[in-house]
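First up is the structure itself, then whatever we jot down about it.
Excluded from the calculations below are hydrogen atoms, water molecules and symmetry mates; all remaining heavy atoms, backbone and side chain alike, are included.
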Amino acid sequence: MRVGNAIYMDYQSTTPLDPAAREAMLPFMGDKFGNPHSSSHRFGWEADASIEVARGQVAELAGVNVDDLYFTSGATESNNTAIKGLALGRRGARGKIITIATEHSCVLESARASALFGQEIEILPVQPDGLIDLNRLENALSPETFIVSVMAVNNEIGVIQPIREIAEIVHAKGAWLHCDAAQALGKLPLYEISPYCDLMSFSGHKIYGPKGVGALYVKREVTRSIMPLMHGGGQEGLLRSGTLAPALCVGFGKACAIAAQQLDTEKARAERHFEQFIAGVAGFDVTAQLNGSAHARLKSNINLSFEGIDSAKLMSSLRRLSVSSGAACASAKEGPSYVLDALGIEKRMADASLRIGTGRYTDDGQIDDALNYLEDALNKSRRRSWTK
């Protein structure tokens, strides 16, 4: 996507709002202003009906039962509700939470916060390719384990975890599986893995919908074990109180309906641009490495580290190419990426890493221009060795 003289390639951070989703939202910022929880007049009925249509659109793309899908403010709230809600629902009974070192920070922090409720936390390492070690997971499970949280697609390195195999191990031990699917919705056929998950989290702005809205899927038999984090009017099946924003829900739903029609197209485009980009970088006069599995990954996520590059100079030289040096949620934290550190990547390489994200509005010409910008920036950013 071009905006002025800049090329946007940070689609893992956020996606542009699809024009059709924006159009669907506009009436709910005007005459259709009703409170969806007002049940005594047509303004409320109209807003409520539109939200239920949107709920169905999200549920269909996610491959889950519409009656078990709850709107939230985004994946962060969904992840917090899934993990801390289940921990609080144990009402003081000690249990164990398992997650992995490369999870999104809101999952890791929700797990750590659950220790305040008396829960044991185990954060498993990953293998050098970013994939979980299934044998290590099986050995970590105990009778006290009540939830395992593993994301479908890593937001920083694009690695796709084997959710079905993970679920088989987790369920055999009597635990629930929560999956942060924010980066997977609309990019993978989630109906292939959603039947194996007990809870799943989604986000609107990762799928060309609006910011400020997401969803949490909770399998019916799990809902009675969750304590809500938001108390009040009892909206969303008592799981999440608060007035829903019809415009945001409708925009999210429309974005999901569009994504459902374009799954195959988006996959093919991502794979083509991945090959084009990797081939271009291979021609640079610099040593580069792809971080994370080359095969079990979402091809729209290209995370690269460069040998002998000054990271500060690299980022300052990329003014016309909008990419990320890590996850957007961690941009305020100092130090190297904890995800790359978990893969065992040396600090000097982790510091000189970029996450390049392609998406719906990326075309072949933008890939070529991005490669030219990147090559020029790398040439300007080489570390120099000075000798007397």
Side-chain angles (χ1 to χ4, degrees), residues 10 12-13 75-76 79-80 82-83 96-115 120-141 145 147-163 165-166 169-170 177-184 201 206 288-307 309 311 323-357:
D10 197 18
Q12 277 70 45
S13 172
T76 292
N79 289 335
N80 273 261
I83 296 170
K96 183 177 180 181
I97 299 170
I98 295 175
T99 187
I100 63 176
T102 52
E103 285 296 301
H104 192 281
S105 58
C106 68
V107 167
L108 294 171
E109 293 307 316
S110 292
R112 292 180 179 122
S114 297
E120 178 187 354
I121 314 301
E122 185 167 359
I123 299 175
L124 298 178
V126 293
Q127 300 174 105
D129 61 0
L131 293 169
I132 189 171
D133 183 330
L134 296 177
N135 290 327
R136 188 152 191 168
L137 170 63
E138 187 168 17
N139 292 334
L141 286 158
T145 306
I147 185 172
V148 174
S149 183
V150 179
M151 69 199 324
V153 176
N154 187 273
N155 55 301
E156 194 166 331
I157 56 175
V159 168
I160 302 172
Q161 297 290 349
I163 296 300
E165 290 84 349
I166 291 169
I169 294 169
V170 170
L177 176 63
H178 166 250
C179 179
D180 177 352
Q183 295 285 346
S201 300
K206 306 294 187 182
Q289 72 176 31
L290 179 68
N291 297 319
S293 171
H295 307 291
R297 75 180 301 123
L298 197 66
K299 294 298 180 71
S300 56
N301 185 316
I302 309 169
N303 192 300
L304 298 169
S305 291
F306 301 95
E307 180 75 46
I309 296 299
S311 58
V323 295
S324 174
S325 59
C329 58
S331 61
K333 300 178 182 178
E334 296 182 358
S337 157
Y338 71 86
V339 172
L340 298 185
D341 183 61
L343 269 61
I345 295 172
E346 295 181 29
K347 183 179 184 300
R348 62 185 178 81
M349 292 291 282
D351 284 346
S353 67
L354 295 176
R355 181 184 64 179
I356 298 105

Q: Could you name each residue pair satisfying salt bridge (Lys or Arg N to Asp or Glu O under 4.0 Å) that touches residues 98-107, not counting sequence neighbours?
A: none
Q: Can you see which heavy atom on V153 is nearest to which on A184, and at what distance?
A: CG2-CB, 3.8 Å
Q. Can you find a heavy atom in the side chain of L340 that is under 4.5 Å from one in the side chain of K347?
A. no
Q. Say you draw a straight line from CD1 of I356 to OG of S324; how long is it, rounded to the nearest 0.5 Å?
A. 9.5 Å
Q. Is there a donor-acceptor pair closer than 3.5 Å between any side-chain N or O of K96 and the backbone N or O of L141?
A. no
Q: Evaluate side-chain contact (heavy atoms from CB on, under 4.5 Å) for Q161 paired with I100, printing each intermediate quantity in order.
A: CA-CA 11 Å; Q161 297 290 349; I100 63 176; 3.8 Å; yes
Q | Separation between CD1 of I98 and CD1 of I121, rounded to the nearest 0.5 Å | A | 10.0 Å
Q | Reference residue S305; test side chain to side chain contact (heavy atoms under 4.5 Å, CB included); the match among L354, L290, N291 | A | N291
Q. For residues S110 and N79, is any side-chain donor paired with an opposing acceptor at under 3.5 Å?
A. no
Q: Look up atom CZ in R112 and atom OG1 in T99, then write down how far apart they are to the nearest 0.5 Å.
A: 9.5 Å
Q: Give, for atom CG of D180 and atom SG of C106, the distance between the pair rounded to the nearest 0.5 Å.
A: 6.0 Å
Q.
Could you tell me if the side chain of I123 sits less than 4.5 Å from the side chain of L108, heavy atoms only?
A. yes
Q. When you check the gap from the basic side-chain N to the acidic O, do R355 and E156 get nearer than 4.0 Å?
A. no
Q.
Side chains of R348 and E307, heavy atoms from C-beta outward: is any pair under 4.5 Å?
A. yes
**Q.** Worked check of side-chain contact (heavy atoms from CB on, under 4.5 Å) between M151 and Q183
**A.** CA-CA 9 Å; M151 69 199 324; Q183 295 285 346; 5.6 Å; no
Q) Can you name the nearest heavy-atom pair linking S353 to N303, along with the distance? A) CB-OD1, 4.2 Å
Anything under 3.5 Å between a donor and an acceptor, one on a side chain of residues 124-134, the other on a protein residue two or more places apart or in another chain? List them.
unit_1: Q127; atom_1: NE2; unit_2: L131; atom_2: O; d: 3.3
unit_1: Q127; atom_1: NE2; unit_2: I132; atom_2: O; d: 3.3
unit_1: D129; atom_1: OD1; unit_2: L131; atom_2: N; d: 3.0
unit_1: D133; atom_1: OD1; unit_2: N135; atom_2: N; d: 3.0
unit_1: D133; atom_1: OD1; unit_2: R136; atom_2: N; d: 3.2

**Q.** Nearest atoms (heavy-atom pairs only) where I83 meets S114
**A.** CG2-OG, 3.9 Å
(Q) Tell me if a side-chain donor or acceptor on N80 pairs with a main-chain N or O of T76 at a distance below 3.5 Å. (A) yes
Q: Mind listing the closest non-hydrogen atom pair of H178 and S201 along with its distance?
A: NE2-OG, 2.9 Å
Q) Are the side chain of E138 and the backbone N or O of I169 linked by a donor-acceptor pair below 3.5 Å? A) no
Q.
Could you work out, with side chain to side chain donor-acceptor pair (under 3.5 Å) as the rule, every residue matching T102, not counting sequence neighbours?
A. none
Q. Would you say the side chain of S311 lies within less than 4.5 Å of the side chain of F306, judging by non-hydrogen atoms?
A. no
**Q.** Least distance between heavy atoms, R297 atom then I157 atom
**A.** NH2-O, 2.7 Å
Q) Do D10 and Q12 have a side chain donor and acceptor closer than 3.5 Å? A) no
(Q) For I147 versus A82, what's the shortest heavy-atom pair and its separation? (A) CD1-O, 4.0 Å
